[in-house]
Trainee: 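First the structure, then my questions, so here it is.
Proteins get letters first, then strands, A, B, ... in listed order; numbering begins at 1 in each.
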Protein chains: 2
Amino acid sequence: MNKVISASQKATREQTKEHNKRFILKMIYERDPISRADLARLTKLTRASISNVVSALLEEDMVSEVGLAKKSVGKPPTLLSFNKDARQLITLDLASDMFRGSLMNLRGEVLERVKISLGGRRGPAAVEQVIALIEQLQERATQPLLGIGIGTPGVVEPYQGVVKSAINLNWTELPLRDLLQERFSLPVYLANDAQLAALAQFLFSSNKDGIQNLILVKVGRGIGAGIIFGGEIFFGDGFSAGEIGHVVVDPNGKLCTCGHNGCLETMASTRALAEQMSQIAASNPSSRLHQMVRDGETLTSNAILQAHLDRDFTVQPVIERSGRFLGGAMAHIVGAMNIRHIYIAGSMARFGDALLEPIRQEVFRRSYPALINQIEIKISELGADIVLLGAAALVLNFELGIV
Amino acid sequence: MNKVISASQKATREQTKEHNKRFILKMIYERDPISRADLARLTKLTRASISNVVSALLEEDMVSEVGLAKKSVGKPPTLLSFNKDARQLITLDLASDMFRGSLMNLRGEVLERVKISLGGRRGPAAVEQVIALIEQLQERATQPLLGIGIGTPGVVEPYQGVVKSAINLNWTELPLRDLLQERFSLPVYLANDAQLAALAQFLFSSNKDGIQNLILVKVGRGIGAGIIFGGEIFFGDGFSAGEIGHVVVDPNGKLCTCGHNGCLETMASTRALAEQMSQIAASNPSSRLHQMVRDGETLTSNAILQAHLDRDFTVQPVIERSGRFLGGAMAHIVGAMNIRHIYIAGSMARFGDALLEPIRQEVFRRSYPALINQIEIKISELGADIVLLGAAALVLNFELGIV
DNA sequence: TTGAATTTGTTTTTTTAATTAACTAACATA
DNA sequence: TATGTTAGTTAATTAAAAAAACAAATTCAA
């Protein structure tokens with residue numbers, strides 16, 4: 001994604017310059033604080049070239065000089081620090097019924113948060129909510145805005161910034177980027193929420209170990225995976241790579257709206273969880289959820305999680321069932337693609353080991369034995385902000401070439 | 001693969017130059033014959049820059065001036081033609097028991113062929129056969145050799161040119177590239193045979209339509225897939241992406257040497273085919289293969305193919321069975337990765353539609369309905385030379401940046 | 001038939017970004 | 001205090017693309 005030069009284009013001096021500028025800024029971002037001399041050693045550019053680029057970065061206020069370092073002999077180096085508050089960015093997560101937005105600094109640290117409940121609004125009304133969110137955040141910005149990053153559910157064409165289809169929002173072929181770019185005169189980037197979550201995982205966590213490929217499965221109301229290959233989001237031919245919600249995991253399972261029986265989403269999402277728990281709790285007075293169901297309340301995943309944390313033993317088997325279906329769906333991909341790093345995110349991830357263990361077992365059971373001990377399946381540690389972080393990564397990557 | 005500049009390195013003028021030189025050569029290769037003026041328009045480089053690079057290419061004999069073109073007005077342009085016979089390359093296919101090699105020109109046209117039957121040789125003895133093949137081809141070369149490209153079975157680390165493991169050849173951690181490079185003083189490139197077949201499919205056929213992703217499943221004695229993502233071979237974390245031979249497709253199936261039951265390879269390879277046909281033919285006097293089996297002969301896939309072409313109706317159901325297992329294994333990957341273009345190659349591909357139809361049915365049956373009509377499953381038209389072509393592509397790509 | 005217009009390809013000049021080399025600054029140490 | 005070392009800047013050099021100017025070969029129109 002950080003490519004300045006594509007293989008099917010001519011190369012120019014300007015691209016060389018741009019590349020090196022991004023490269024240097026990235027190094028400062030990563031090794032903050034660092035001296036010009038160290039940058040020269042690290043990048044293999046000359047000190048003269050580094051000085052030249054750094055002057056420009058100082059001019060743009062992207063970095064600052066923050067004092068001298070002590071070394072044994074010689075002139076002490078001037079330390080440069082990445083100016084994480086030089087710009088701000090707006091990030092949105094439209095994946096759930098509660099639209100969430102945040103104002104962030106250049107390190108993806110949240111400065112402000114806003115939420116708007118969709119309350120069933122769809123189509124253009126939902127777009128209005130997006131605009132309202134951005135306006136609120138824009139007002140609170142205290143620094144020039146670098147851009148807007150958005151994670152939306154459904155199939156997204158990220159190059160044009162078009163939401164091809166988001167069923168819950170009733171969006172089809174919605175040119176959201178152009179729409180917002182015109183409205184706010186800021187660069188706008190969008191991608192599917194699970195794809196962004198995977199990008200966040202890669203850039204804010206896994207990237208450190210030289211990992212270049214990973215799959216992140218986001219399990220919430222819907223189920224979707226984000227795939228990182230070679231350090232970039234893999235979109236697929238129709239931009240719906242990772243849309244595993246409708247993989248059939250049980251041909252005898254419940255009928256899905258998509259026309260198939262036993263889709264992963266009908267068997268393992270939080271909705272499926274709530275349905276199954278309702279039944280079990282209704283017929284099981286020992287369950288802590290029994291009373292709730294009796295009172296005609298719909299079970300939320302929060303309530304189920306709370307019951308689970310309170311050691312309600314009726315929850316575990318249902319989580320396990322979800323985990324096995326998830327693991328079954330993942331095994332094929334992980335095996336065939338030879339991917340070693342798998343992460344689980346989304347609201348379901350809060351169940352932790354209870355969900356993770358059956359996933360692990362099922363993946364291992366179906367994998368080529370020689371490869372099993374290389375597979376690492378983990379709960380993502382990035383929590384509820386993972387999509388916002390991914391959206392930030394998108395903006396930071398395109399605008400500055402960092403992260 | 002054609003990247004001169006990586007995101008984690010500084011950019012230099014030399015890289016710009018190298019990039020543009022490859023870019024121009026590639027254009028000449030693709031649009032042969034073409035004038036300097038047209039190249040300038042196509043690449044957006046100035047005529048002066050084009051002239052400069054073209055002089056170097058003429059100097060190296062990579063292109064020739066081949067006369068003038070007629071246009072309406074103005075000075076007639078001088079046509080440049082790619083010199084496909086300026087260099088030659090050696091390509092090897094070690095995937096079957098019959099090692100095959102060829103001498104090719106720069107367009108992947110076969111000039112000479114050699115074969116050596118392994119006759120059960122393994123380990124170092126098999127390496128000797130590789131060397132013998134190359135020596136034969138080297139002797140017949142009439143032009144400077146550009147390099148050696150090799151497709152081997154098993155898991156291959158292509159950056160170091162190490163065969164991590166090839167069970168049939170009893171090779172483990174074999175540094176084949178260094179070994180051959182020292183022996184022949186030529187650049188050597190290797191990769192897994194199915195991965196190379198996929199590369200060949202991409203570069204010599206599908207690339208024309210702007211396709212950037214494809215999966216090619218090679219079904220022969222073994223079963224392996226090659227995966228092209230974004231125009232490049234996707235290797236996976238352990239270089240074994242596409243090793244789908246040991247995906248479990250029937251938990252109640254035959255025990256495999258890998259320890260699992262009902263691996264794809266035990267259920268759908270030509271070996272599985274031969275075993276199943278033997279049984280059926282033995283108990284079925286109407287089969288054309290009945291006599292052969294009666295005589296104690298082992299059925300070859302050639303014999304089965306011949307029987308099939310002779311309208312032996314006992315063959316079709318067995319092929320169909322293989323096809324369904326193959327389709328089942330492919331559906332998950334194709335769906336989850338949103339890949340539209342799937343090719344079947346290998347000796348089993350000779351059964352054509354008899355194999356293709358059940359694969360199609362099974363993939364469609366298991367895929368998300370909205371995506372089905374976008375999926376294209378075809379038998380590769382590249383035939384038996386597909387691995388040799390892939391090996392050539394590897395060399396051409398790394399050495400010249402073309403194809 | 002001649003000259004204007006057009007297109008190609010080369011040559012010359014200019015620009016730009018990196019490198020090289022030389023230099024100044026600031027420190028430790030002997 | 002002199003010397004060596006490292007940091008950072010400045011000036012000169014180099015390389016590659018772009019811009020501009022030009023020469024060559026053709027068509028077309030008067």
Trainee: Does A:D38 come within less than 4.0 Å of A:R47, counting only side-chain N to carboxylate O?
Mentor: no
Trainee: Find the distance A:K75:NZ to C:dC23:P and express it as a whole number of Å.
Mentor: 17 Å
Trainee: State whether B:E60 and B:K21 are salt-bridged, where the test is any N-O pair (Lys NZ or Arg NE/NH1/NH2 against Asp/Glu carboxylate O) under 4.0 Å.
Mentor: yes
Trainee: Find the distance B:E14:CD to C:dA18:C1' and express it as a whole number of Å.
Mentor: 9 Å
Trainee: Looking only at side-chain atoms of A:S35, point me to the closest of D:dG8, D:dA18, C:dT19.
Mentor: D:dG8
Trainee: What's the closest nucleotide to the B:N20 side chain, out of D:dA17, D:dG8, C:dT20?
Mentor: D:dA17
Trainee: Please state how far atom CG in A:L68 lies from atom P in C:dC27, giving the value in whole angstrom units.
Mentor: 7 Å
Trainee: Have a look at B:L45 and say if it touches a base, only the backbone sugar-phosphate, or nothing, with a 4.0 Å heavy-atom cut-off.
Mentor: sugar-phosphate
Trainee: How many whole angstroms separate atom CD1 of B:I34 from atom C1' of C:dT8?
Mentor: 14 Å
Trainee: Starting at CD1 of B:I50 and ending at P of D:dA19, how long is that distance when rounded to a whole Å?
Mentor: 14 Å
Trainee: Heavy-atom nearest nucleotide on DNA chain C for A:S49 versus A:G74: which residue maps closer to 5'?
Mentor: A:S49
Trainee: Of the nucleotides C:dA26, C:dT7, C:dG9, which has the atom closest to the A:P76 side chain?
Mentor: C:dA26
Trainee: Give a yes or no answer on whether the side chain of A:Q160 reaches the backbone of A:P175 with a donor-acceptor pair at less than 3.5 Å.
Mentor: no
Trainee: Could you tell me the separation between the NZ atom of B:K21 and the C1' atom of D:dA16, rounded to a whole number of Å?
Mentor: 14 Å
Trainee: Over how many whole Å does the gap from B:L79 atom CG to C:dT7 atom C1' extend?
Mentor: 14 Å
Trainee: Which of the following nucleotides, D:dT27, C:dT10, C:dA28, is nearest to the side chain of B:S51?
Mentor: C:dT10
Trainee: Checking contacts here: which listed nucleotide (D:dA7, C:dA18, C:dT8) is nearest the side-chain heavy atoms of A:R47?
Mentor: D:dA7
Trainee: Give one of base, sugar-phosphate or nothing for A:R36, where a contact means two heavy atoms less than 4.0 Å apart.
Mentor: sugar-phosphate
Trainee: With sugar-phosphate meaning primed atoms plus P, OP1 and OP2, does A:A48 contact a base, only sugar-phosphate, or nothing at under 4.0 Å between heavy atoms?
Mentor: base
Trainee: On the side chain of A:R13, is there an atom forming a donor-acceptor pair with the base of C:dA17 - under 3.5 Å, no angle test?
Mentor: no
Trainee: Taking only Lys NZ, Arg NE, NH1 and NH2, and the carboxylate oxygens of Asp or Glu, determine whether A:E65 and A:R36 approach each other closer than 4.0 Å.
Mentor: yes
Trainee: Looking only at side-chain atoms of A:K17, point me to the closest of D:dG8, D:dA16, C:dA17.
Mentor: C:dA17
Trainee: So what does A:A40 touch, heavy atoms closer than 4.0 Å: a base, only the sugar-phosphate, or nothing?
Mentor: nothing
Trainee: B:T78 side chain: which of D:dA11, D:dA20, C:dG9 is closest?
Mentor: C:dG9
Trainee: Determine whether the side chains of A:T91 and A:S102 contain a donor N or O and an acceptor N or O closer than 3.5 Å.
Mentor: yes
Trainee: Output the rounded distance in Å from CG (B:L39) to C1' (D:dA17).
Mentor: 16 Å
Trainee: Can you confirm whether the side chains of A:E381 and A:S205 place a donor and an acceptor under 3.5 Å from each other?
Mentor: yes
